[in-house]
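Structure, as structure tokens:
Below, chain A is the first sequence line, B the second, and so on; all start at residue 1.
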Amino acid sequence: MKYQRPRGTNDLTPDRSPLWRRLRHVYEEVVTQFGYAEVDPPIFEATELFARAVGEDTDVVSKEMYSFTDRKGRSLSLRPEGTAGVVRMVIENGLLGGGGILRLAYWGPMFRYDRPQAGRYRQFHQFGVEALGEGGPALDAELIELLVATLRAAGLGELRVDLGSVGDRCCRPAYVERLREALTGMDDRLCPTCRERRVTNPLRVFDCKETGCHEALKHAPRMLDHLCDDCRAHLERVEALLADQAIPFRRDRDMVRGLDYYTRTVFEVHDPGLGAQSALGGGGRYDHLVEDCGGPPTPAVGFSAGIERLLGVVEQEGALAASERRSYGAYLSLMTPAAEPHAARIAARLRRAIPVEVDFTGRSLKAQLKTANQRGVRFAIILGPDEIDARSATLKDLDSGVQKTLPESDLLELIQAWLASEPPAPRAAPGR
RNA sequence: GUGGGAGUAGCUCAGCUGGUAGAGUGCAUGGUUGUGGUCCAUGUGGUCGCGGGUUCGAGCCCCGUCUCCCACCCCA
């Protein structure tokens with residue numbers, strides 16, 4: 001094979017696109033029901049935006065970005081996550097002036113140079129929401145509820161919500177100091193990178209890849225145990241609201257998310273049946289990001305969810321199984337090229353009501369009907385020399401095998417009559 | 001970034017101790033003069049991922065490389 005797709009990318013092939021479209025539809029429905037408006041920032045932005053928003057020291061920024069310089073020497077990067085772009089858009093377009101909560105949703109491709117694995121790709125897709133302008137815990141709970149609602153609407157049953165808090169500007173500095181002290185005590189057991197992190201960004205030691213560091217950190221102090229009163233109250237309020245909505249969750253003291261901008265609430269949703277890459281979505285509060293990016297002080301919360309992973313679970317569990325087949329469509333079989341004008345005229349008329357596919361191949365009628373059957377359409381329309389002469393068409397119901405030749409002007413009427421009455425037997429093959 | 005498994009027909013896979021590449025499915029044609037799904041017959045199908053090496057001879061052994069899968073880790 002001469003060309004293959006770049007490592008870690010996927011082709012959305014026709015057999016999977018119907019399911020993809022149904023997920024997209026579920027996302028649109030739920031997001032609309034919760035009052036979120038869709039936005040779509042570009043898939044590349046100034047590298048600096050991501051470095052600033054996500055954090056220079058994070059894995060994502062330091063080694064997973066697809067960065068390039070354009071023809072004028074500017075450094076740009078394919079977006080590794082969605083929040084930074086949305087925040088930039090909000091500030092640049094002055095969307096915060098409206099009062100009330102600004103509720104936004106997005107869906108699109110993200111890029112991270114990572115080692116591919118089941119459920120982990122270099123180009124992957126996320127949908128997510130961002131809610132700006134309100135700092136109270138009720139909004140955090142709403143987002144978790146929205147995420148869970150979407151996953152349930154996609155047909156998932158068992159879900160696990162992990163909840164934590166990374167503190168705020170009141171309690172985090174004190175905790176970081178405490179952590180730094182603890183790290184100093186175990187200096188000899190840390191890798192060189194972590195020894196450096198101890199000075200620059202102690203929180204990042206928690207996502208070190210070295211097994212030795214992992215062991216050493218088992219008993220390091222956790223943010224969750226050192227929250228200030230406000231942060232603790234916030235977390236407990238979120239938990240109470242979730243309990244009230246009958247959303248099962250558990251506290252996760254080890255949760256440290258890979259992006260620097262989070263404050264207070266952080267959460268992830270997992271599917272227990274998924275294996276190593278079990279996180280379907282995650283997010284949290286980011287009360288200072290808008291300000292840090294040059295906007296007015298604005299508290300906010302957001303999350304994103306991985307569509308490929310969701311698709312995997314949906315396929316695996318057979319949820320959303322009913323296929324999107326064009327059971328009401330028609331397949332036009334031409335027995336001679338002379339029927340082409342006739343076919344075009346009929347197709348144009350029928351397409352106002354039903355999907356129509358025309359077979360121009362000149363193959364045998366037998367072969368064309370076989371294809372019609374595979375397409376899963378209800379009707380075949382046969383156009384041969386007799387039909388051309390009489391300006392008629394032969395309509396065949398592929399479910400019952402019944403067929404009738406009639407003037408082309410009466411075709412649509414008969415199709416609609418046949419559609420109104422259920423076919424005698426259930427359809428044999430589901431087609432695609 | 002680390003470790004393990006795999007790559008053979010469009011698809012799913014078999015291929016012994018190194019000795020002339022197989023099955024199922026799909027596709028095509030026929031059994032049917034202009035009629036699908038089931039069945040039968042016949043046919044079509046290959047850079048054995050790519051590059052190098054060992055050998056009289058490599059799908060099989062060795063080295064390199066690419067890709068996929070699984071796990072660690074991280075996350076979506």
Side-chain angles (χ1 to χ4, degrees), chain A residues 1-10 13 15 58-60 62-64 80-83 108-128 147 151 162 191 193 204 206-211 213-214 254-259 266 268-271 274-283 303-313 331 333-336 339 359 361 363-387 394-403 405 425-431:
Chain A
M1 192 148 343
K2 191 154 186 185
Y3 298 110
Q4 34 184 247
R5 61 180 186 269
R7 179 161 205 204
T9 61
N10 281 298
T13 46
D15 53 318
T58 59
D59 280 9
V60 168
S62 63
K63 44 195 175 193
E64 295 176 2
E81 57 96 56
T83 302
M110 306 290 163
F111 306 83
R112 288 184 203 172
Y113 190 91
D114 221 0
R115 178 133 174 192
Q117 195 185 323
R120 189 167 77 190
Y121 308 100
R122 289 181 173 178
Q123 177 180 338
F124 59 102
H125 294 74
Q126 289 184 332
F127 71 86
L147 176 54
L151 299 178
D162 291 343
C191 70
T193 321
R204 287 266 83 86
F206 285 111
D207 45 49
C208 180
K209 303 195 185 322
E210 299 291 327
T211 327
C213 296
H214 239 251
D254 293 323
M255 182 153 50
V256 178
R257 298 198 41 88
L259 312 177
V266 290
E268 288 180 1
V269 177
H270 293 261
D271 181 292
L274 208 54
Q277 308 299 323
S278 68
L280 288 171
F303 76 74
S304 64
I307 294 157
E308 283 83 356
R309 282 184 195 175
L310 180 54
L311 192 73
V313 186
Y331 193 88
S333 298
L334 278 58
M335 296 178 62
T336 155
D359 191 324
T361 61
R363 297 134 81 214
S364 68
L365 181 58
K366 182 189 175 82
Q368 294 190 47
L369 287 175
K370 188 175 177 179
T371 302
N373 192 56
Q374 286 171 339
R375 291 288 194 267
V377 297
R378 171 84 179 270
F379 302 108
I381 293 169
I382 300 163
L383 302 177
D386 299 346
E387 285 85 355
T394 297
L395 177 67
K396 176 163 184 152
D397 183 338
L398 293 172
D399 283 327
S400 62
V402 172
Q403 69 179 54
T405 302
R427 310 222 349 106

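Put simply, the side chain of A:Gln117 and the base of B:C73 share a donor and an acceptor less than 3.5 Å apart. With hydrogens and angles left out, the side chain of A:Lys366 and the base of B:U35 share no donor-acceptor pair within 3.5 Å. Between the side chain of A:Asn373 and the base of B:G37, no donor-acceptor pair of N or O atoms lies under 3.5 Å. For A:Arg115 and B:C72, a side-chain-to-base donor-acceptor distance below 3.5 Å is absent, hydrogens and geometry of angles not being considered. Counting atom types as modelled, A:Arg120 pairs a side-chain N or O with a base atom of B:C74 as donor and acceptor under 3.5 Å. One can find a donor-acceptor pair under 3.5 Å joining the base of B:G34 and the side-chain atoms of A:Glu387.
Taking each heavy atom of A:Asp397 and A:Asp399 in turn, the nearest pair found is OD1-N, 2.8 Å. Listed here is the closest heavy atom pair of A:Gly82 and A:Gln126: N-OE1, 4.3 Å. Residues A:Tyr121 and A:Gly8 come closest through the heavy atom pair CB-O, 3.1 Å. Minimum heavy-atom separation, A:Leu398 to A:Val377: CD1-O, 3.6 Å.
Proximity of A:Val269 to A:Phe303: side-chain heavy atoms (C-beta onward) are nowhere separated by under 4.5 Å. A:Thr336 is listed as a side-chain neighbour of A:Pro385, based on a closest heavy-atom distance under 4.5 Å. Within the 4.5 Å cutoff, no side-chain heavy atoms of A:Val60 are placed close to those of A:Glu81. Between A:Arg309 and A:Arg120 the shortest side-chain heavy-atom distance falls below 4.5 Å.
Taking atom CG on A:Leu398 and atom P on B:G36, their separation rounds to 11 Å, with Å as the unit. Separating the NZ atom of A:Lys63 from the P atom of B:C75 is a distance of 11 Å, rounded to the nearest angstrom. As rounded to whole Å, 18 Å separates atom P of B:A76 from atom CZ of A:Arg122. In this structure, CD of A:Gln126 is placed 7 Å from P of B:A76, rounded to the nearest angstrom. Following rounding to the nearest Å, A:Arg378 (CZ) and B:G36 (C1') show an atom-to-atom distance of 15 Å. Taking atom CG of A:Asn10 as the reference point, atom P of B:A76 lies 18 Å away to the nearest angstrom. Separating the CG atom of A:Asp59 from the P atom of B:A76 is a distance of 12 Å, rounded to the nearest angstrom. The CD atom of A:Gln374 sits 13 Å away from the P atom of B:G36 (whole-angstrom rounding).
Taking the nucleotide of RNA chain B with the nearest heavy atom to each of A:Ser364 and A:Gln403, the more 5' of the two is matched to A:Ser364. Sequence order on RNA chain B of the closest nucleotides to A:Gly306 and A:Arg363 puts A:Arg363 first from the 5' end.
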*Dot-bracket line, read 5' to 3' along RNA chain B, where crossing pairs take [ ] and | marks a partner on another strand, Watson-Crick or G-U under 3.5 Å*: (((((((..((((.....[..))))((((((.......))))))....(((((..]....))))))))))))....
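Distance from the side chain of A:Ala118 is smallest to B:C69 among B:C69, B:C75, B:U35. Distance from the side chain of A:Arg112 is smallest for B:C75 among the nucleotides B:C69, B:C75, B:G26. The A:Ala367 side chain lies nearest to B:U29 when the options are B:C68, B:U29, B:A76.
The same atom, P, is picked in B:U38 and in B:C48; the two are 34 Å apart, to the nearest Å. Between B:G22 and B:G43, the two P atoms lie 14 Å apart (nearest whole Å). A distance of about 49 Å separates the C1' atoms of B:A76 and B:U17, rounded to the whole Å. Taking atom C1' on both nucleotides, B:C13 is separated from B:G26 by 14 Å, rounded to a whole Å. The P atoms of B:G24 and B:A9 are separated by 16 Å, rounded to the nearest whole Å. Atom name P, nucleotides B:U55 and B:C16: the rounded distance is 23 Å, in whole Å. Taking atom C1' on both B:G7 and B:A14, the two are 15 Å apart, rounded to the nearest angstrom. Annotation: B:U54 and B:C63 have their P atoms spaced 15 Å apart (nearest Å).
Looking at heavy-atom distances under 4.0 Å, A:Gly8 makes contact with sugar-phosphate atoms alone, never a base. Among the protein residues, A:Gly119 comes within range of the nucleic acid bases, having at least one heavy atom under 4.0 Å from a base atom. Counting any heavy atom pair closer than 4.0 Å across all strands shown, A:Ile307 reaches no nucleic acid atom.
Legend: residues meeting side chain to side chain donor-acceptor pair (under 3.5 Å) with A:Asp114, ordered by chain and number and at least two apart, are absent. For A:Thr405, the side chain to side chain donor-acceptor pair (under 3.5 Å) partners at least two apart in sequence or on another chain are A:Thr394.
Checking the phosphate oxygens (OP1, OP2) of B:C68, a side-chain nitrogen or oxygen of A:Arg7 falls inside 4.0 Å. In terms of phosphate contacts, A:Lys370 brings a side-chain nitrogen or oxygen within less than 4.0 Å of OP1 or OP2 of B:C27.
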